[in-house]
Amino acid sequence: MPKLLDNINLPSDLRELPSDLLKKVANELRMEVLNLVSNTGGHLSSSLGVIELTIALHYVFNTPDDVLIWDVGHQSYPHKILTGRKDRMFTIRQRHGISGFPKRSESLYDSFGTAHSSTSISAALGMACAARKKGNLDRKHIAVIGDGAISSGMAFEALNNAGVMDDINLLVILNDNHMSISPPVGALNRYFTYLMQGRFYAAVDNKVKKEFLHTNQDIKINNDNEFSIKNSVVSKTFFEEFGFNYSGPIDGHDINLLVSYFQNLKSNYGLNFLHIVTKKGKGYDLAEKDPILYHGLGKFNLQTGIISANKKELKKTFSQIFGCWICDMANEDSNLIGVTPAMREGSGLVDFGEFFPDRYFDVGISEQHAVTFAAGMACDDLKPVVAIYSTFLQRAYDQLIHDVAIQNLDVTFAIDRSGLVGADGATHSGNYDISFLRCIPNLIIATPSDENEQRLLLTTCYKYKGPSAVRYPRGEVIGVNVSIKLDTVKIGYGIVRRLGKNIVILGFGTLVNNAMIVANKKDFTVADMRFVKPLDENLIISLAKNHNAIVTLEDNAILGGAGSAVLEVLNKNNFQIPVLQLGIPDRFIDQGDLKQLNHEIGLDPEGIESSIISTFKNLYV
Ligand SMILES: Cc1ncc(C[n+]2csc(CCOP(=O)(O)OP(=O)(O)O)c2C)c(N)n1
Ligand SMILES: CC(=O)[C@@H](O)[C@H](O)COP(=O)(O)O
Ligand SMILES: [Mg+2]
């Protein structure tokens, strides 16, 4: 059967259709996304939840002239399919393929690059101000933001700013699916439920209503599946108080309803806020039932869904090792507190949250708050561990310096996803943490080379009374035995893993294992430096004295990283020796398979060996 989607390559094609065919387009688009992600992997649940919204937006608004910004952007797959990329979607998240997030360089329809959350309202507001200045009063600026993303401070800063601006053509659409990656947290979420209670809305799928409200004890759904509303009157909403014209909540899966709302809003110049309710994973039963599992995933079989592999056969991940460690440490120390800014599953904190509910805090997408919140607890002798992705810690840099380090507070940062992350690409790479952390006084920085070292260094840093950070990469561990003890090592000391000759490789983090492969072949020396700060100066100088050249190796940006720290030590000691710095080159590295990326930037064993040979060919033969 010919599909409508076959003839839709751009939103202009969509706009040719009568509105009664849009439901059919939605069914086809949903199948297209499902088929795609089952073959490529990617962000599924969120994309399935915005099928009708995406179609209605492109149908009514004049994209790309009207600006459309997807917050986080992990839900942009249907948008990409409708905006000229349908035939290349099979390359999504792969090297040189389509990005998993909106990207300005990829399409005119991607008005703003997103991936880190809660930026959409600020960016849309900025563009709206620019349009006002240029006298372009027709352009609409639309920010689509989820109930998770809108809870972040940055979104509020933008709303606050927008609320006092005149002549701004801005539409904020809150896509409220009652989920972040994990179940929603925080009072704002409670407020959204309250809005649902107070503002009865027509024609919403009762299944959606019921599930949306199931956490709220006050709401009863009677026999004919309607609400008996306890607090049935909401006077002015929070968003109206901010100066927005609020409408909703409406059913975000009713495509005709969305179209009629958008047609009204299109001609309504000013600050508009539309609250829609959707279901994460909509239309794929398995994802509806378990939107967390189907949030971001690898390839899977559409019929059977994700089949969990035999756990014994799989290597653990560094996040799982952290998850075990924090439970063990919490058993030993009742002052330990675990904090996550909305990354419970990814950070390995599911068990900790279950076993220690009183000591577990998911603070929502609020990295800045997470860090200062931990600092506050540390003032009262609690021992917070902030589990955070390297890329998201960037958001909380000032809090780390101003609230933790200057006051020398005892906060441990468990920094996951350091180095390149693969399919999420440049926006999510943790390439900068060594560079941005090592200039902060008081802070200890550890770089474990394997899972046993990870546990040792986590315990060491945790027991240190002051700020500390342990960074480890995304994905599988190396495969060494892990001691179940909670042992510590001496802070600021590295260890020589292999004694060879001529050239010494000073390794930071898991790349030490690649260094060992090269060194075993070429008879070089390898030191696992363990700490970037304090750096083992004595070890560096003594190894420098006994070798002809030094190679530094790290999965951090080459600029300002651990290699630079080694150069500073040599310089301070007036030591002259050739040094080759190996690390992540000074450019943004887009998505791709991690192995392939490491090969491309010369950080796999072959690349390391060939860099050393070409640089030092005269020094070791
Ligand atoms: C600053 C930042 N912190 C954390 C994340 C990780 N993250 C990606 S999507 C997501 C949940 C977003 O929830 P919501 O906005 O409600 O969108 P939904 O997935 O429900 O559609 C989180 C926490 C991120 N992308 N950016
Ligand atoms: C969109 C987003 O920011 C997250 O979903 C992220 O993609 C998770 O990454 P991991 O798969 O590394 O947990
Ligand atoms: Mg959500």
Side-chain angles (χ1 to χ4, degrees), residues 41-51 53-54 70-78 93 99-102 113-121 143-155 173-186 188-189 192 212 252 275-282 287 291-298 317-320 340-349 362-371 387-396 416-425 427-430 472-476 591 594:
H43 287 101
L44 182 66
S45 310
S46 307
S47 287
L48 289 177
V50 296
I51 297 284
L53 174 65
T54 309
W70 296 97
D71 208 284
V72 183
H74 60 319
Q75 75 292 61
S76 63
Y77 297 16
R93 286 159 53 97
S99 166
F101 298 101
T114 50
H116 285 205
S117 83
S118 321
T119 58
S120 61
I121 308 176
V144 179
I145 184 163
D147 53 317
I150 205 171
S151 70
S152 174
M154 212 183 146
I173 300 172
L174 169 62
N175 175 30
D176 188 357
N177 58 15
H178 202 60
M179 281 299 285
S180 188
I181 294 180
S182 320
V185 294
L188 191 65
N189 184 261
F192 292 153
F212 188 85
H275 184 171
I276 71 166
V277 176
T278 60
K279 177 118 193 79
K280 200 162 170 170
K282 175 79 177 174
I292 300 178
L293 187 63
Y294 287 85
H295 171 84
L297 67 168
T317 61
F318 282 100
S319 315
Q320 287 171 322
T340 171
M343 299 306 284
R344 178 182 69 179
E345 285 74 19
S347 299
L349 281 174
D362 177 351
V363 297
I365 309 181
S366 5
E367 289 79 9
Q368 300 180 326
H369 161 67
V371 172
I388 191 161
Y389 284 20
S390 173
T391 190
F392 301 141
L393 180 58
Q394 292 165 190
R395 278 269 165 104
D416 203 328
R417 301 330 192 243
S418 66
L420 295 175
V421 292
D424 273 345
T427 55
H428 280 58
S429 290
Y472 42 88
R474 185 180 199 278
E476 284 185 352
Q591 74 277 0
L594 209 46

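Order of listing sets the numbers, starting from 1, for every ligand and every atom in it. These values consider heavy atoms only, across backbone and side chains, with no hydrogens, waters or symmetry-generated copies.
In this structure, of H116, K280, E367, H428, the residue bringing a heavy atom nearest to atom 3 (N) of ligand 1 is E367. Within the set G364, G148, S180, G281, the minimum heavy-atom distance to atom 11 (C) of ligand 1 is found for S180. Counting only non-hydrogen atoms, the option in Q394, M154, H43, H74 that gets closest to atom 17 (O) of ligand 1 is H74.
In terms of N/O distances under 3.5 Å, ligand 1 is not approached by N175. The distance criterion of under 3.5 Å between nitrogen or oxygen atoms is met by M179 with respect to ligand 1. Residue-to-ligand polar distances keep I365 apart from ligand 1: every N/O pair is separated by 3.5 Å or more. Inclusion of S117 in the set of residues having an N or O under 3.5 Å from an N or O of ligand 1 is warranted. Inclusion of A149 in the set of residues having an N or O under 3.5 Å from an N or O of ligand 1 is warranted. Distances between N or O atoms of R395 and those of ligand 1 include no value under 3.5 Å.
Counting only heavy atoms of the protein, atom 6 (C) of ligand 1 lies nearest to M343 SD, 3.4 Å. Nearest non-hydrogen protein atom to atom 5 (C) of ligand 1 is F392 CZ, 3.3 Å. Among all non-hydrogen protein atoms, the one lying nearest atom 25 (N) of ligand 1 is A115 O, 2.9 Å. Among all non-hydrogen protein atoms, the one lying nearest atom 7 (N) of ligand 1 is I181 CD1, 3.7 Å.
Contact between A370 and V363 at its shortest, heavy atoms only, is CB-CG2, 3.7 Å. K280 approaches S180 most closely through the heavy-atom pair NZ-O, 2.8 Å. Closest non-hydrogen pair, S390 versus S418, comes out as CB-CA, 4.0 Å.
Inclusion of D147 in the first shell of the Mg ion (ligand 3) is supported: an N, O or S atom falls under 2.8 Å.
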Report task. Apply side chain to side chain contact (heavy atoms under 4.5 Å, CB included) to Q368 and S152, showing your working. Result -> CA-CA 9 Å; Q368 300 180 326; S152 174; over 6 Å; no
Query - Intermediate values then yes/no, side chain to side chain contact (heavy atoms under 4.5 Å, CB included), T427 and T391 - result: CA-CA 8 Å; T427 55; T391 190; 6.0 Å; no
Query raised in the report: Can E367 and M343 be said to form a side chain to side chain contact (heavy atoms under 4.5 Å, CB included), step by step?
Result: CA-CA 10 Å; E367 289 79 9; M343 299 306 284; 5.9 Å; no
Requested in this report: Determine, step by step, whether I51 and K282 satisfy the side chain to side chain contact (heavy atoms under 4.5 Å, CB included) criterion, reporting the C-alpha distance in whole Å, the side-chain angles of both residues, the deciding distance to 0.1 Å, and the verdict.
Outcome: CA-CA 9 Å; I51 297 284; K282 175 79 177 174; over 6 Å; no
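Of all the heavy atoms of P184, none lies under 4.0 Å from any atom of ligand 1, so neither backbone nor side chain is involved.
Aromatic ring centres of F192 and H275: separated by under 6.0 Å.
Of all atoms in ligand 1, listed by their number and element, those nearer than 4.0 Å to a heavy atom of G146 are 14 (P), 15 (O), 16 (O). Of all atoms in ligand 1, numbered sequentially from 1 with element shown, those under 4.0 Å from a heavy atom of A342 are 23 (C). Ligand-side atoms of ligand 1 in range of S46: 18 (P), 19 (O), 21 (O), range being under 4.0 angstrom from any heavy atom. Per-residue contacts place N177 under 4.0 angstrom from the following atoms of ligand 1 (heavy atoms of the residue considered): 18 (P), 20 (O), 21 (O).
R474 and D416 are not joined by a salt bridge, as no carboxylate oxygen comes within less than 4.0 angstrom of a charged side-chain nitrogen.
Classification of the H428-F101 ring pair by plane angle, with boundaries at 30° and 60°, yields parallel.
Within the 4.5 Å cutoff, the side chain of T278 has no heavy atoms near those of the L53 side chain. Looking at heavy atoms from C-beta onward, S47 lies out of side-chain contact with H74 at the 4.5 angstrom threshold. Under the 4.5 Å side-chain criterion, counting only non-hydrogen atoms from C-beta, R417 is not in contact with L393. Side-chain contact check for M179 versus H295: every heavy-atom pair is 4.5 Å or farther apart.
Just one of T119, D176, N175, D71 meets the side-chain contact (heavy atoms from CB on, under 4.5 Å) condition when paired with I145; it is D71.
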Between the protein and ligand 2, which nitrogen or oxygen pairs come in under 3.5 Å, and how far apart is each?
residue: ligand 2; atom: 3 (O); partner: H428; partner atom: NE2; Å: 2.7
residue: ligand 2; atom: 5 (O); partner: H43; partner atom: NE2; Å: 2.9
residue: ligand 2; atom: 5 (O); partner: H295; partner atom: NE2; Å: 2.9
residue: ligand 2; atom: 7 (O); partner: H43; partner atom: NE2; Å: 3.0
residue: ligand 2; atom: 7 (O); partner: D424; partner atom: OD1; Å: 3.4
residue: ligand 2; atom: 7 (O); partner: D424; partner atom: OD2; Å: 2.5
residue: ligand 2; atom: 9 (O); partner: D424; partner atom: OD2; Å: 3.3
residue: ligand 2; atom: 11 (O); partner: R474; partner atom: NH2; Å: 2.8
residue: ligand 2; atom: 12 (O); partner: R417; partner atom: NE; Å: 2.8
residue: ligand 2; atom: 12 (O); partner: R417; partner atom: NH2; Å: 3.2
residue: ligand 2; atom: 12 (O); partner: R474; partner atom: NE; Å: 2.8
residue: ligand 2; atom: 12 (O); partner: R474; partner atom: NH2; Å: 3.4
residue: ligand 2; atom: 13 (O); partner: Y389; partner atom: OH; Å: 2.6
residue: ligand 2; atom: 13 (O); partner: R417; partner atom: NH2; Å: 2.8

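Atoms CG and CD1, from L174 and I150 in turn, are 5.0 Å apart once rounded to the nearest 0.5 Å.
For the pair OD1 of N177 and O of M179, the angle whose vertex sits at the Mg ion (ligand 3) is 90° to 10 degrees.
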